[in-house]
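Heads up, the thing below is written out as structure tokens.
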Number of protein chains: 2
Amino acid sequence: MPTIPIDQIRDTSQAPDISCEPQSIEPRLDTETAGRLAAALKALSHPVRLQMMDILSRGERQVCVCDIEQYFELTQPTISHHLKVLRESGLIEAEQKGLWVYYYVRPTILAEIKELLSGFGG
Amino acid sequence: MPTIPIDQIRDTSQAPDISCEPQSIEPRLDTETAGRLAAALKALSHPVRLQMMDILSRGERQVCVCDIEQYFELTQPTISHHLKVLRESGLIEAEQKGLWVYYYVRPTILAEIKELLSGFGG
DNA sequence: CAACTATATAGATAAATATCAATATAGCGC
DNA sequence: GCGCTATATTGATATTTATCTATATAGTTG
């Protein structure tokens, strides 16, 4: 009695012997960097957060949350959530002055992403 | 009888009359562009897909799926899924030759993203 | 301290995503 | 057409995410 089902045995009698001429490619993006930059890109990958980055980068100084809110038809907790995502990714930073919190862009990771994309041919 | 519950009526008798000196900021990123570029960024925002972009951009020619697979410990359908996400976002394109499918980078949207990030101060 | 403000957090829920196993599609060689 | 190959699609499931309502935190004013 066969212990291996007949349909799991490969019949290679007619297997073609051609291949796709493999290239040997040396990746330059290691797993750690890929994970780190993918996390920053994920923070950027939402229309509201992109527009927040735009607003922050266009302000002449740090921008108050109460100003940011004006541009979106979203509840205050949702605004707060998006700002937190951006801040935790390192793309922006916050400074509290009394009751108000002011946000501003941190350019470091943005520059890293731009360099990565340049390497992709963009 | 009051129709509005008492705890919803604001007592403004002690409201401070200061504000945070609002800036008027002119956003330059419209909603349509934000949505389009956010979608492309989302496609990029996964470590595996970033590494795929790296591999495709480092190949001397278009890269066969069977070559791409070698770099990841993922099943073939998962590889196929990630390539599809990248292709549907416009970041890469595919060409079939016989049994094999070859992928390559499309630089247009990458360049658009880079320009956006430059505007953010990256 | 009491009333108020600006912002953040918690909790709930609906929608999107990553992955796998199983299956389908379609090209090639005999 | 048959048997094989490379790639794509389907379907299931676990995880993550975006949004809201409700509540908490903490600074300010009087």
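The model shown is predicted, which means the values in this text are computed figures rather than measured ones. Note on naming: letters A, B, ... go to the chains in the order of the sequence lines (proteins, then strands), and numbering restarts at 1 for each one.
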(Q) For A:Glu69, give me all partners under salt bridge (Lys or Arg N to Asp or Glu O under 4.0 Å), at least two apart in sequence or on another chain. (A)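 Once residues adjacent in sequence are excluded, A:Glu69 has no partner under the salt bridge (Lys or Arg N to Asp or Glu O under 4.0 Å) criterion.
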Q) Under 4.5 Å between any side-chain heavy atoms of B:Asp67 and A:Ile25, yes or no? A)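 In short, these two side chains do not touch, never coming nearer than 4.5 Å.
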Q. Is there a side-chain contact between A:Ile79 and A:Val48, using heavy atoms and a 4.5 Å cut-off?
A.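 Contact flag for A:Ile79/A:Val48 side chains = no.
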Q) What parts of residues 58-68 of chain B reach DNA chain D, counting only heavy atoms under 4.0 Å away? A)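 Correct list: B:Cys64, B:Val65, B:Cys66.
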(Q) How would you summarise protein contacts on nucleotides 20-26 of chain C per nucleotide, using B for base, S for sugar-phosphate only and - for none, with heavy-atom distances below 4.0 Å? (A) BBB---B
[X] side chain N/O closer than 4.0 Å to the phosphate oxygens (OP1, OP2) of [N]?
X        : N      : result
B:His82  : C:dT19 : yes
B:Lys84  : D:dA8  : no
A:Tyr102 : C:dA6  : no

In this structure, how many angstroms lie between the [atom2] atom of [N] and the [atom1] atom of [X], rounded?
X       : N     : atom1 : atom2 : result
A:Ile79 : C:dT7 : CD1   : P     : 11 Å
A:Glu69 : C:dT5 : CD    : P     : 14 Å
A:Leu83 : C:dA6 : CG    : C1'   : 13 Å

Q: Could you pull out the closest heavy-atom pair between B:Ala43 and B:Arg49, with the gap in Å?
A: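 Closest approach of B:Ala43 to B:Arg49, heavy atoms only: O-NE, 2.5 Å.
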Take atom [atom1] of [X] as the centre, draw a 6.0 Å sphere, and report whether it contains more than 12 heavy atoms from other residues, nucleotides or ligands.
X        : atom1 : value
A:Glu32  : CD    : yes
B:Glu60  : CD    : no
B:Glu115 : CD    : no

Q: Please determine, by modelled atom types, if B:Gln62 and B:Glu95 share a side-chain donor-acceptor pair under 3.5 angstrom.
A: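 Yes, a side-chain donor-acceptor pair sits under 3.5 Å.
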Q: Would you mind listing every ring pair (Phe, Tyr, Trp, His ring centres under 6.0 Å) that reaches into residues 43-94 of chain A, with sequence neighbours excluded?
A: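 Qualifying pairs, neighbours excluded: A:His46-A:His82.
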Q. In chain order, what residues pass the side-chain hydrogen bond (donor to acceptor under 3.5 Å, both in side chains) check against A:Thr31, with sequence neighbours excluded?
A.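 A:Thr31 satisfies side-chain hydrogen bond (donor to acceptor under 3.5 Å, both in side chains) with no other residue.
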(Q) Regarding B:Phe72, tell me which of base, sugar-phosphate or nothing describes its non-hydrogen contacts under 4.0 Å with the strands shown. (A)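 No contact.
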Q. Using a heavy-atom distance cut-off of less than 4.0 Å, which residues of residues 35-53 of chain A contact DNA chain C?
A.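 Of all residues in residues 35-53 of chain A, none places a heavy atom under 4.0 Å from DNA chain C.
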